[in-house]
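Below is one structure, written out as C-alpha cells, with a few remarks after it.
The sequence lines fix the lettering, A, B, ..., with proteins before strands; numbering per chain opens at 1.
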Protein chains: 2
Amino acid sequence: MELVAPPTRRDRKKLATRRALQWAALGLVADRGYANVTVEEIAEAADVSARTFFNYFPSKEAAVIGHDPDLFDTLHDAVIERPAGESAFEAVRAVVRVRSERFAQEADGVTGDPGEWFRRMKTVQTDPHLRAAHAAHTAAYERVIVTAVAERLGTDPEIDPYPALLAAAAVAASRIAVVYWAKGGGVGTPAPLTDAAFVALAGGLAADGQLAAALAGLRGTDPQAGRSQNRKEACS
Amino acid sequence: MELVAPPTRRDRKKLATRRALQWAALGLVADRGYANVTVEEIAEAADVSARTFFNYFPSKEAAVIGHDPDLFDTLHDAVIERPAGESAFEAVRAVVRVRSERFAQEADGVTGDPGEWFRRMKTVQTDPHLRAAHAAHTAAYERVIVTAVAERLGTDPEIDPYPALLAAAAVAASRIAVVYWAKGGGVGTPAPLTDAAFVALAGGLAADGQLAAALAGLRGTDPQAGRSQNRKEACS
DNA sequence: TGGAAATCTGCGGTCAGTGCAATGTTATAC
DNA sequence: GTATAACATTGCACTGACCGCAGATTTCCA
C-alpha cells in the first residue's frame, strides 16, 4: 500500500536491523560514553554479528549519529525543486526549515519516549568524539546546499562565493535553532526558532537593536528554562 | 633574546620534531592520499619512532591538520582582551581577522615554497577524511568563540543564543574568506575577504542588492581566475 | 659532575575496519 | 512446489590506529 514499491520482507528486515543497531548504539553510548562501547557490543545488543554491523554502517560514529545514506540526495533535490519564483535565499530557508521540523518529529516518532530521545541527543552534543563526528556531518550537509544553490543559480561555486555564504548561514541557523529548541525542552517544532535564527543571521547580526526582536523569539520559547544562571559566569 | 623565556635546547628540538612530523604528514598525504599513508611512514620520514609520533599528536589527523595545542586558549583570551568599548561583534571580527591573516602568513613562512603549501591545503580540502577532521576542528574553534563572547557579554550561552549566532557567522565568514582567498591564488592577505564576508553575513544576506558590493569585493580579488567556468554547470 | 626530570623507544595489547569465502535466507522463474 | 539466482549474514584473518608500561637515553640544573 506504499506509494512507489511495496517493501518486501527483506527490506523490512533490513530497516529493522538498521534501526535496532542505531538505537542500540545511541543507548549504549549515552549510558557509558562513546569510548567505552565497542562495535561488538552494539552488534550484540542488536542481535547481529559484528561483521554485519559494518554492512549497515561504515563506522561506529555513523551508527550513533544516524547517518541516512540518501538524505543528502533528497536535500539537494529539494532545493532544486523549489518553485522557480523563489529566490535562492527563500528556497534554502524553506528546505532547511522542513528538515529541522522533520528532525524534531523523530523525537516522538522512533519510540514513544521523547525523554529518552533527548537524553541521547544530549550525549551526541557532549561527547567530544561525537561532537566531531556531528560537525563533519554538518559540514557535508552544508556542502550539499552549496552545490544545490549554485546549480539553482547557474553559477560556479568555485568562483561565486554567494552559495557558500548562504549555505553556511542557513545550516548554522538550522543547527543553532535545533540546539536551543532542544534546550528549551523540545516543545512544538523548531521551525519558529529556525526562522528567528535566519532573521538574525541574514537580517543583520551587527545591528543589535533590530536583532532584539529575533532573539526574543529565540529565548521566549522556553519559558520554563531557569533564569538562575542568567548571570555573568566564566566557563573555564 | 625572546620575550618571555629563552627556549632551551629541549624546547627547540621538540618544536623541530613537531614541525617535521607535521610537514612530513602533510607532504605524504598530499602525495598519496590520507588512507594510503601510515603513521609509521610519517614517523619514519621525520626520523622518530612510531610511538613518539603519538607523543606529539593525539591522532594521525591532528598531525595533518596541524593542531596547535594552545591556539584555542590564545583566541579565547584575544576576544576577552579586546578593548571594552568594542561591541562583541567588533571584537570577534577583529580577532577572526587577525587569525585569518596569521594563517595566511604561514603560506610563505614555514618553508620558502608557497606553492607547495597551497598544494597541501588543497589536499586537506579534498580528501573526505581530512575534510571531516577539518570540520571538527572548525567546530571546536567556534565553540571557543561562543564561550569567549558569552563571557565578554556576561550572559549564559546556554540560554542566550546570540553568542552562538555571532560565533557561527564569524567562523563561517573567516573560513569561506580563506578558502576563496586561496582559490584566488593567495595574493596579499585574506583580510579584505574576511571583511567582505562579514559584511555579507552580518549586513543582510537576503538583500541581494546591497550584497552585490560585498560580493564584488570577494570576487574581484582574484582577477586572474579564469571566467571560462563562470557559466551554469551541474556538479553531480 | 651527578643525579633529577623529561623524552624516546620497543613491546604487548585492544579495537575499528576490510576483503574473502562459506553459509543461510529470500525472491523469482518455471 | 521446487530449482535457482540474488542477496544477506557470518567467521576468519589481516592491517593499522592508538594506548599503557617500563627501560634506555638525553637534557637540564645545582
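- Nucleic acid contact for Thr38(B): sugar-phosphate only, since backbone atoms but no base atoms lie under 4.0 Å from a heavy atom of the residue.
- Within the structure, a side-chain polar atom (N or O) of Lys13(A) is placed less than 4.0 Å from OP1 or OP2 of dT26(C).
- No cation-pi contact links Lys60(A) to Phe53(A), judged by a cut-off of 6.0 Å to the six-membered ring centre and 45° from its axis.
- Closest of all the heavy-atom pairs between Phe198(A) and Ala173(A) is CD1-CB, 3.7 Å.
- Rounded to whole Å, atom C1' of dA16(C) lies 13 Å from atom NZ of Lys60(B).
- Look at CD on Glu40(A): it is 16 Å from P on dT18(C), rounded to the nearest Å.
- Using cut-offs of 30° and 60° on the angle between ring planes, the pair Phe72(B) and Tyr141(B) is parallel.
- Looking at heavy-atom distances under 4.0 Å, Tyr56(A) makes contact with sugar-phosphate atoms alone, never a base.
- Nearest-nucleotide assignment on DNA chain C puts the 5′-proximal partner with Arg10(B), out of Val48(B) and Arg10(B).
- When the P atom of dT14(C) is taken as reference, atom CD of Glu41(A) falls 14 Å away, rounded to whole Å.
- Nucleotide dA16(C) holds its P atom 12 Å from the CG atom of Leu28(A), rounded to whole Å.
- When the P atom of dC18(D) is taken as reference, atom CZ of Phe57(B) falls 12 Å away, rounded to whole Å.
- Contacts of Arg51(A) with the nucleic acid, taken as non-hydrogen atoms under 4.0 Å apart, include base atoms.
- Following rounding to the nearest Å, Ile42(B) (CD1) and dC18(D) (P) show an atom-to-atom distance of 10 Å.
- Here dG16(D) presents its P atom at 15 Å from NE2 of His129(B), a figure rounded to the nearest Å.
- A salt bridge is defined here as a Lys NZ or Arg NE, NH1 or NH2 lying under 4.0 Å from an Asp or Glu carboxylate O, and Arg119(A) with Asp31(A) meets this definition.
- Of the two residues near DNA chain C, Lys14(B) and Ala50(B), the one whose nearest nucleotide lies more 5' is Lys14(B).
- Across the protein-nucleic acid pair, Asp47(A) atom CG and dT10(D) atom P stand 8 Å apart, rounded to whole Å.
- Note: Ile176(B) CD1 to Leu193(B) CG = 11.5 Å, rounded to the nearest 0.5 Å.
- Toward the 5' end of DNA chain D, the nearer of the two residues Arg9(B) and Phe54(B), judged by each one's closest nucleotide, is Phe54(B).
- Between Ser49(B) and dT9(C) there is a side-chain polar atom (N or O) within less than 4.0 angstrom of OP1 or OP2.
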